[in-house]
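One structure is given below, encoded as structure tokens.
We number each residue from 1, following the sequence as shown. In this text, all values refer to a predicted model and were calculated from it rather than measured experimentally.
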Amino acid sequence: MSLLNILRYPDPRLHKIAKPVAVFDARLKQLVADMAETMYEAPGVGLAASQVDVHEQIIVIDTSDTRSDLRVFVNPEILWASAEKQMYDEGCLSVPGIYDGVERHARIKARALDADGRPFEIDAEGLLAVCIQHEMDHLKGKVFVEYLSPLKRNRIKAKMLKEERELKKDRQREMQPAR
């Protein structure tokens, strides 16, 4: 297994729409394992393949306290969503350090395939429902900050760009030979 590079907002690749998975093979299983390792290391509770620049409909989620309940969703779809909504403070591995309230369906029923291509359905509420909806947004090319006001979104974008510039400067300094 290996850690994957997580794209950071406002990287335009985060807005690519993911394609359905057609082949369930060793490559897919390796990608799922790498995504899970990356999510746990980050640390996060969910990761979409789009966030690691693989534009296929794959999501890994683990909302358990013990980090022992990995769920894999391939080609996920929401079959039903409650009329009831809930506000949840969301964060994202592609927007590190930023958390803000997003309103989502309180309960959902989703259908997906596992990493072996077997279909399953799941009823979800609370954090799991929020996480599924959040990660499915990534597959559609949408980042949670797009639910926020234009003012907040622009501030976050400016902050992320500034952090990226500082990271590049730090990397350049590290690469220069010692004198």
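- Counting only heavy atoms from C-beta outward, the side chains of L113 and F120 never approach each other to under 4.5 Å.
- For the atom pair NZ of K142 and OH of Y147, the computed distance is 4.0 Å after rounding to the nearest 0.5 Å.
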**Prompt:** What do the steps show when you test R155 against K159 for side chain to side chain contact (heavy atoms under 4.5 Å, CB included), and what is the final call?
**Reply:** CA-CA 6 Å; R155 284 183 176 161; K159 180 180 181 190; over 6 Å; no

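- H55 and S50 get closest at one heavy-atom pair: CE1-O, 3.8 Å.
- In terms of heavy-atom proximity, G126 sits nearest to Y88 at C-CE1, 4.4 Å.
- Taking 4.0 Å as the cut-off between side-chain N and carboxylate O, K29 and D116 count as a salt-bridged pair.
- In this structure, CD in Q57 is found 9.5 Å from NZ in K140, a value given to the nearest 0.5 Å.
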**Item:** Candidate pair V74 and F24, rule side chain to side chain contact (heavy atoms under 4.5 Å, CB included), full reasoning
**Value:** CA-CA 10 Å; V74 179; F24 292 78; 3.7 Å; yes

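- Electrostatic pairing of R104 and D137 counts as a salt bridge here, judged by a charged N lying under 4.0 Å from a carboxylate O.
- A heavy-atom distance below 4.5 Å is not found between the side chains of D100 and V145.
- Distance alone, capped at 3.5 Å, places no donor-acceptor pair between the H105 side chain and the K85 backbone.
- Listed by chain and residue number, H134 satisfy the ring pair (Phe, Tyr, Trp, His ring centres under 6.0 Å) test with F144 (two or more places apart in sequence, or in another chain).
- Interatomic distance, OH of Y40 versus CG of L47, reported as 11.5 Å (0.5 Å rounding).
- Between the R153 side chain and the E146 main chain, a donor and an acceptor come within less than 3.5 Å of each other.
- Between atom CG of residue D53 and atom CG of residue N5 there is a gap of 8.5 Å, rounded to the nearest 0.5 Å.
- In this structure, D65 places its CG atom where only 12 or fewer heavy-atom neighbours from other residues, nucleotides or ligands lie under 6.0 Å away.
- Taking 4.5 Å as the limit, some side-chain heavy atom of R67 sits within range of a side-chain heavy atom of V45.
- Y9 approaches M160 most closely through the heavy-atom pair O-CB, 3.2 Å.
- Two residues are said to be in side-chain contact when any heavy atoms from C-beta on lie closer than 4.5 Å; P119 and R111 fail this criterion.
- The hydrophobic cluster containing L93 does not contain L7, counting ILVMFWY residues as joined when their side-chain heavy atoms lie under 4.5 angstrom apart, directly or transitively.
- Here the closest heavy-atom approach between residue T63 and residue C131 is recorded as CG2-CB, 4.3 Å.
- Residues satisfying the salt bridge (charged side-chain N to carboxylate O under 4.0 Å, His left out) test with R107, not counting sequence neighbours, are E84.
- Linking Ile, Leu, Val, Met, Phe, Trp and Tyr residues whenever their side-chain heavy atoms come within less than 4.5 Å leaves I58 and I78 in two separate clusters.
- Side chain of H15 to backbone of G141: a donor-acceptor contact under 3.5 angstrom is found.
- Residues L14 and L148 are members of one and the same hydrophobic cluster, defined by side-chain heavy-atom contacts under 4.5 angstrom among Ile, Leu, Val, Met, Phe, Trp and Tyr.
- Under the 4.5 Å side-chain contact rule for hydrophobic residues, L4 and V32 share a cluster.
- With E135 contributing its side chain and A48 its backbone, the two residues share a donor-acceptor pair below 3.5 Å.
- With I156 as reference, I98 is the one residue of L161, L151, I98 to meet the side chain to side chain contact (heavy atoms under 4.5 Å, CB included) rule.
- Here the straight-line distance linking atom CD1 of I122 with atom CD1 of I61 works out to 8.0 Å at 0.5 Å rounding.
- Dense packing is recorded around CD of E163, with more than 12 heavy atoms of other residues, nucleotides or ligands lying under 6.0 Å away.
- For the residue pair S94 and I6, the shortest heavy atom distance occurs at OG-CG2, 3.7 Å.
- Side-chain contact between V95 and R8 is absent, with no heavy-atom pair separated by less than 4.5 Å.
- Between D62 and S68, the shortest heavy-atom contact is OD2-N, 3.1 Å.
- Looking only at side-chain heavy atoms (C-beta outward), L139 and P76 come within less than 4.5 Å of each other.
- Between R27 and E56 there is a salt bridge, with a side-chain nitrogen of the basic residue lying less than 4.0 Å from a carboxylate oxygen of the acidic one.
- Side-chain atoms of R173 and K168, non-hydrogen and from C-beta on, never get closer than 4.5 Å to each other.
- For the residue pair Q30 / D34, a side-chain donor-acceptor distance below 3.5 Å is found, with atom types taken as modelled.
- Formation of a donor-acceptor pair under 3.5 Å by the Q86 side chain with backbone atoms of E103 is not found in this model.
- Note that the CD atom of E90 and the CG atom of L127 stand 9.5 Å from one another [nearest 0.5 Å].
- M39 and L31 fall within the same hydrophobic cluster, where Ile, Leu, Val, Met, Phe, Trp and Tyr residues are linked whenever their side-chain heavy atoms come under 4.5 Å apart, directly or through other members.
- The shortest side-chain heavy-atom distance between I59 and M136 falls under the 4.5 Å cut-off.
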